[in-house]
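Input: a single structure, listed below in structure tokens.
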There are 2 protein chains.
Amino acid sequence: MKDTNETNGLQKAGLKATLPRLKILKFLESTTVRHLSAEDVYKAMLDGGEEVGLATIYRVLTQFESAGLVTRHHFEGGHSVFELNEGKHHDHIVCVKCGKVEEFYDETIEERQHLIAEKNGFSMTDHALTIYGVCADCK
Amino acid sequence: MKDTNETNGLQKAGLKATLPRLKILKFLESTTVRHLSAEDVYKAMLDGGEEVGLATIYRVLTQFESAGLVTRHHFEGGHSVFELNEGKHHDHIVCVKCGKVEEFYDETIEERQHLIAEKNGFSMTDHALTIYGVCADCK
DNA sequence: AATTAGAATGAGAATAGTTCGCATTTGGAC
DNA sequence: GTCCAAATGCGAACTATTCTCATTCTAATT
């Protein structure tokens, strides 16, 4: 079999390199939209001529999450959105009018979170910081 | 009509003082559990002998949210939990093992969030910061 | 206290997002 | 190339939430 980047990525993550998984990973790497729901992925892939069952999309995205390839977010509205992990950790600002998502990273906030977790007797495993507001375009 | 605290609270919030709303508000004020799903509220009230339809619980909690009486959170797991607004703003640490929720407030983080929103051209309207970790008891 | 119009409620149907069960297919070790 | 375990697709099932609409309640008015 061809030893593509995607095949490698999956194998390193401990996942068999199946066709649906390869397609989904390739799609996530190629799309310009960074935050997608399972349904978004399903529809966008269909439009691109790649048919993968919706249930499989859900399963694979969950596996990718466990493997650390993607991150799942729960922005307002309740349903999950997924984001390919590349580069460094960051948090999000979401526009409450148009839904636009921007990313940011703040060292001070990161540090203080660890401190706060410790102070409360917790071992921090993760965090979710989302700022909601009205973006420049929507004002 | 009797001019109770609850009746007052509802009227100030622009809501008619109906029996279900009074019962729900009274329940939220009396329970020691601070973070509850709609279903939690439904069941706990049933146990307490107060029957209010689940659909009404959802409607009323949403109205309370709009009125600023409660806050809705989206912790991991997807479904909403509600918290009575009393005292000052705070964020949350959730134990990923047992689900315990602790509250904290950190001035530095609050300030930096506003700064970050501005830097990105947003007018911040709200934010959600949740730290996930393993609590002392679960370690 | 009785009337009344509009708002609120309850019960169940409907919906959205997600997961499950199982028959069929596929990946890759031998 | 064979073969078994793992993965997929499909539709059914599930969960959380919202909607519909007939009935009931609130509170303003008489």
Side-chain angles (χ1 to χ4, degrees), chain A residues 1-4 6-27 35-46 50-67 69-70 72-82, chain B residues 1-4 6-27 35-46 49-67 69-70 72-82 99:
Chain A
M1 161 173 312
K2 253 191 306 161
D3 198 10
T4 65
E6 287 80 18
T7 309
N8 265 331
L10 289 177
Q11 286 168 347
K12 250 186 264 177
L15 295 169
K16 249 201 251 187
T18 65
L19 217 45
R21 294 211 264 242
L22 285 169
K23 285 180 184 172
I24 294 170
L25 184 53
K26 199 170 287 191
F27 166 75
H35 303 87
L36 301 129
S37 69
E39 188 110 22
D40 290 340
V41 173
Y42 176 69
K43 285 187 187 149
M45 289 184 68
L46 254 191
E50 300 287 13
E51 172 134 28
V52 177
L54 184 54
T56 300
I57 306 258
Y58 274 104
R59 274 187 295 236
V60 169
L61 287 174
T62 302
Q63 292 156 355
F64 283 7
E65 184 193 12
S66 304
L69 296 175
V70 307
R72 182 195 302 255
H73 302 291
H74 303 281
F75 297 152
E76 278 181 359
H79 65 293
S80 302
V81 302
F82 298 86
Chain B
M1 160 175 309
K2 252 191 304 159
D3 198 9
T4 66
E6 287 80 19
T7 309
N8 264 332
L10 289 178
Q11 285 169 346
K12 252 186 260 175
L15 294 169
K16 250 200 248 186
T18 65
L19 218 45
R21 293 211 266 243
L22 284 170
K23 286 180 183 171
I24 294 170
L25 183 54
K26 198 170 287 190
F27 166 75
H35 303 87
L36 301 130
S37 68
E39 188 109 23
D40 290 340
V41 173
Y42 176 70
K43 286 187 185 148
M45 289 185 67
L46 254 191
E50 299 287 12
E51 173 137 27
V52 176
L54 184 54
T56 301
I57 306 258
Y58 273 104
R59 274 186 296 238
V60 169
L61 286 174
T62 301
Q63 292 156 356
F64 282 7
E65 184 192 12
S66 305
L69 296 175
V70 307
R72 180 195 304 254
H73 303 291
H74 303 280
F75 297 151
E76 277 181 0
H79 65 293
S80 302
V81 302
F82 298 86

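Lettering of chains follows the sequences in order, A, B, ..., and the numbering in each one begins at 1.
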d(CE, A:M45; C1', D:dT8) in whole Å: 13 Å
Partners passing side-chain hydrogen bond (donor to acceptor under 3.5 Å, both in side chains) against A:E39 (at least two apart in sequence or in another chain): none
d(NZ, B:K23; P, D:dT26) in whole Å: 10 Å
What residues form a side-chain hydrogen bond (donor to acceptor under 3.5 Å, both in side chains) with A:T18, not counting sequence neighbours? none
For B:K26, side-chain hydrogen bond (donor to acceptor under 3.5 Å, both in side chains) partners two or more places apart: none
Please enumerate all residues that pass side-chain contact (heavy atoms from CB on, under 4.5 Å) together with A:A44, with sequence neighbours excluded. A:F27
Quick one: which of D:dT8, C:dG28, C:dT9 gets closest to the side chain of A:A17? C:dG28
Atom-to-atom span, CG of A:L22 to P of D:dA6 - whole angstrom: 19 Å
Terminal helix-axis angle for the helix from C:dA1-D:dT30 to C:dC30-D:dG1, with five pairs defining each axis and rounding to 10 degrees: 30°
Under a 4.0 Å heavy-atom criterion, the protein footprint on nucleotides 14-25 of chain D, written with B, S and -, is --SBBBB-----
Residues forming a side-chain contact (heavy atoms from CB on, under 4.5 Å) with A:Y42, sequence neighbours excluded: A:L46, A:E51, A:L54, A:I57
A:S66 meets the side-chain hydrogen bond (donor to acceptor under 3.5 Å, both in side chains) criterion, sequence neighbours left out, with none
Per nearest nucleotide of DNA chain D, the residue lying toward the 5' end, A:V52 or B:P20, is A:V52
Separation of A:R21 atom CZ from C:dT25 atom P, in whole Å? 19 Å
Is the backbone of B:S80 close enough, under 3.5 Å, to the side chain of B:R72 for a donor and an acceptor to pair up by distance? no
Whole-Å gap separating P (D:dA7) and CG (A:L61): 15 Å
Flag the pair B:L15 / B:F64 as yes when at least one side-chain heavy-atom distance between them is below 4.5 Å, and no otherwise. yes
Which whole-number value in Å describes the distance from B:L10 CG to D:dT26 P? 12 Å
If I take atom CG in residue A:D40 and atom P in nucleotide C:dG17, what distance separates them, rounded to the nearest angstrom? 10 Å
Using whole Å, report how far CG of A:L46 lies from P of D:dC10. 11 Å
Suppose we screen for ring-ring contact (aromatic ring centres under 6.0 Å, His included). Which residues come up paired with B:F75, at least two apart in sequence or across chains? B:H73, B:H92
